[in-house]
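Residue numbers start from 1 in every chain, and the chains themselves are labelled A, B, ... in the order their sequence lines are given, proteins ahead of strands.
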Amino acid sequence: MLALADFSTHLIAWQRVHGRHDLPWQNTRDPYWIWLSEIMLQQTQVSTVIPYYARFLARFPDVNALAAAPLDDVMALWAGLGYYSRARNLHRCAQAVSAEYGGHFPQTVDELAELPGIGRSTAAAIASFAFGARATILDGNVKRVLARVFGIEGFPGEKRVENTMWTLAESLLPDAAHKDDVTAYTQGLMDLGATLCVRGKPDCARCPFAVDCVANVTGRQRELPAARPKKTVPTRKTWMLVLKSGDTVLLEKRPPTGIWGGLWSLPEAADEAALVAVAHSFGGADALQRLSPLTHTFTHFKLDIEPRLGESRGRLIQAADAETVWAPLADIDSFGLPAPVRKLLNALQGSLI
DNA sequence: CAATCGTGGAA
DNA sequence: TTTCCAAGATT
């Protein structure tokens, strides 16, 4: 039987030898670097984050630079990474740190968790990595490790199960005598879940907890943690307008909340007739050319996109209640666009010019 | 508190 | 091809 006190000891020893030590956000105690990585890594894989992280730091080298930047610039660098409330909260958080803390991140979990976009687990990760605080994280990696090693039943997304895991995770922290090891411990939790205790085929032979792990001993690796309850994802349909004027295309800024909030995108309508009316209001002809439809899958719904191509002569802007712009196709990469819209326009740029 | 909020990798 | 979901937070 694995004594709770032994968990952190074994994990720390394992991390120092077998854990990851060369990720771009490691080997620093700069809370800005660490905070940025933690936000980008929320629900996002390491390999996806790395190129975004490098570009972001090059453009915004410190929290004050980020705070002073227009939100639009932040969104443009975040475009393609998904979950855009993270980018909006990131900007708000930078402004709060700059204005309320003189550009220095607070060091306690409670203060960190009050900042926009920083929840309980992210606050603990920042406090642990940047300030060596004895703080408990509970991300997807930890939930998977705990569910397997300790045989925690139930879907971790369920509140009751998550509360159980928080309590267990708190009890596993290294004690005050090993406070200097909390960084290795926190990193070890993530490393174990990300490199050995993976979802598909966990490498139990290399795991320091193999002989004690409930899932391994009982052969239930595939059943723990319990899968998310299945739901049928609804399908929505939208018509998108690619209205050109010379070498520019009409873009609209999306509202600050909701799907793709704060990004630039193509004008949309609920049916083809409504889209023709939109095109007409911007100087487009009545006839729109049909383009190949595309499907975009979100976590909670599927979107069927019917693109239509039109040409506008006058670059007419109707009432400017929505932010609109004629974007040069050559500069299209400088706009924060949703992934499928970027793909659509990039494909068009190749075929039309 | 369950729903909302992206995208791409992996099996 | 389909399914699942990844260093979660917010409402």
Side-chain angles (χ1 to χ4, degrees), chain A residues 19-20 23-26 34-53 75 78-90 92-93 112-129 135-145 155-163 165-166 169 186-195 197-202 222 225-234 236 254-263 265 294-303 336-343:
Chain A
R20 298 172 293 183
L23 294 170
W25 40 85
Q26 292 184 292
I34 291 163
W35 163 67
L36 179 63
S37 76
E38 291 301 328
I39 302 300
M40 285 190 166
L41 286 161
Q42 288 170 358
Q43 299 289 285
T44 310
Q45 297 183 348
V46 166
S47 58
T48 302
V49 164
I50 285 175
Y52 284 87
Y53 186 72
M75 300 308 295
W78 200 277
L81 199 52
Y83 284 149
Y84 298 99
S85 65
R86 291 185 296 172
R88 301 191 298 270
N89 286 332
L90 190 84
R92 284 206 299 144
C93 182
L112 285 165
E114 299 246 339
L115 292 166
I118 302 180
R120 182 175 176 181
S121 185
T122 298
I126 297 170
S128 172
F129 291 140
T136 304
I137 63 165
L138 187 64
D139 62 12
N141 288 312
V142 184
K143 287 175 178 173
R144 191 167 50 255
V145 169
F155 171 53
E158 188 184 330
K159 201 66 181 176
R160 184 184 57 80
V161 178
E162 188 175 339
N163 288 339
M165 289 185 166
W166 270 115
T186 303
Q187 189 64 51
L189 279 176
M190 295 174 169
D191 290 349
L192 191 67
T195 65
C197 197
V198 294
R199 182 168 65 97
K201 288 183 179 176
R222 243 161 36 98
R228 172 186 303 275
K230 291 180 184 175
K231 281 186 224 172
T232 57
V233 296
R236 305 178 196 172
R254 297 183 62 86
T257 58
I259 203 79
W260 296 333
L263 293 184
S265 190
L294 53 146
T295 295
H296 188 71
T297 305
F298 296 91
T299 304
H300 52 299
F301 69 94
K302 196 157 70 77
L303 185 64
L337 300 175
V341 174
R342 182 172 301 283
K343 285 176 194 164

What is the nucleic acid contact for [X], judged by heavy atoms within less than 4.0 Å: base, sugar-phosphate only, or nothing?
| X | value |
| --- | --- |
| A:G80 | sugar-phosphate |
| A:T257 | nothing |
| A:P229 | nothing |
| A:A339 | sugar-phosphate |
| A:K302 | nothing |

Roughly how many Å is it from [atom1] in [X] to [atom2] in [N], rounded to a whole number?
| X | N | atom1 | atom2 | result |
| --- | --- | --- | --- | --- |
| A:K159 | B:dC1 | NZ | P | 6 Å |
| A:L294 | B:dT7 | CG | C1' | 14 Å |
| A:R342 | B:dT7 | CZ | P | 10 Å |
| A:L263 | B:dC5 | CG | C1' | 12 Å |
| A:R160 | B:dC1 | CZ | P | 12 Å |
| A:L81 | B:dG8 | CG | C1' | 11 Å |
| A:K231 | B:dT4 | NZ | C1' | 10 Å |

### Message
Heavy-atom nearest nucleotide on DNA chain B for A:S47 versus A:E158: which residue maps closer to 5'?
### Response
A:E158
### Query
Which residue, A:L337 or A:G200, contacts DNA chain B at a nucleotide closer to its 5' end, judged by nearest heavy atom?
A:L337
Between [X] and [N], is there a contact of a side-chain N or O with OP1 or OP2 at under 4.0 Å?
| X | N | value |
| --- | --- | --- |
| A:H300 | B:dA3 | no |
| A:W260 | B:dT7 | yes |
| A:H296 | B:dT7 | yes |

So does [Y] get a backbone contact from the side chain of [X], meaning a donor-acceptor N/O pair under 3.5 Å?
| X | Y | result |
| --- | --- | --- |
| A:R236 | A:F301 | no |
| A:R120 | A:A113 | no |
| A:T186 | A:A125 | no |
| A:R20 | A:T195 | no |

### Query
If the P atom of C:dT3 is compared with that of B:dG6, how far apart are they to the nearest Å?
22 Å
### Query
Which value, in whole Å, describes the distance between the P atoms of nucleotides B:dA3 and C:dA7?
24 Å
### Query
Passes side-chain contact (heavy atoms from CB on, under 4.5 Å), A:W78 versus A:L263? Steps please.
CA-CA 9 Å; A:W78 200 277; A:L263 293 184; over 6 Å; no
### Query
How about A:R160 and A:N163: does a side-chain donor come under 3.5 Å of a side-chain acceptor?
no
### Query
Excluding sequence neighbours, so at least two apart, what forms side chain to side chain donor-acceptor pair (under 3.5 Å) with A:T122?
A:Q42
### Query
Between A:W25 and A:Y53, what is the ring plane arrangement, given parallel below 30°, perpendicular above 60°, and tilted in between?
perpendicular
### Message
Strictly under 4.0 angstrom, non-hydrogen atoms only: write out the protein contact profile of nucleotides 4-11 of chain C, one letter per nucleotide from the 5' end, B, S or -.
### Response
BSBBBSS-
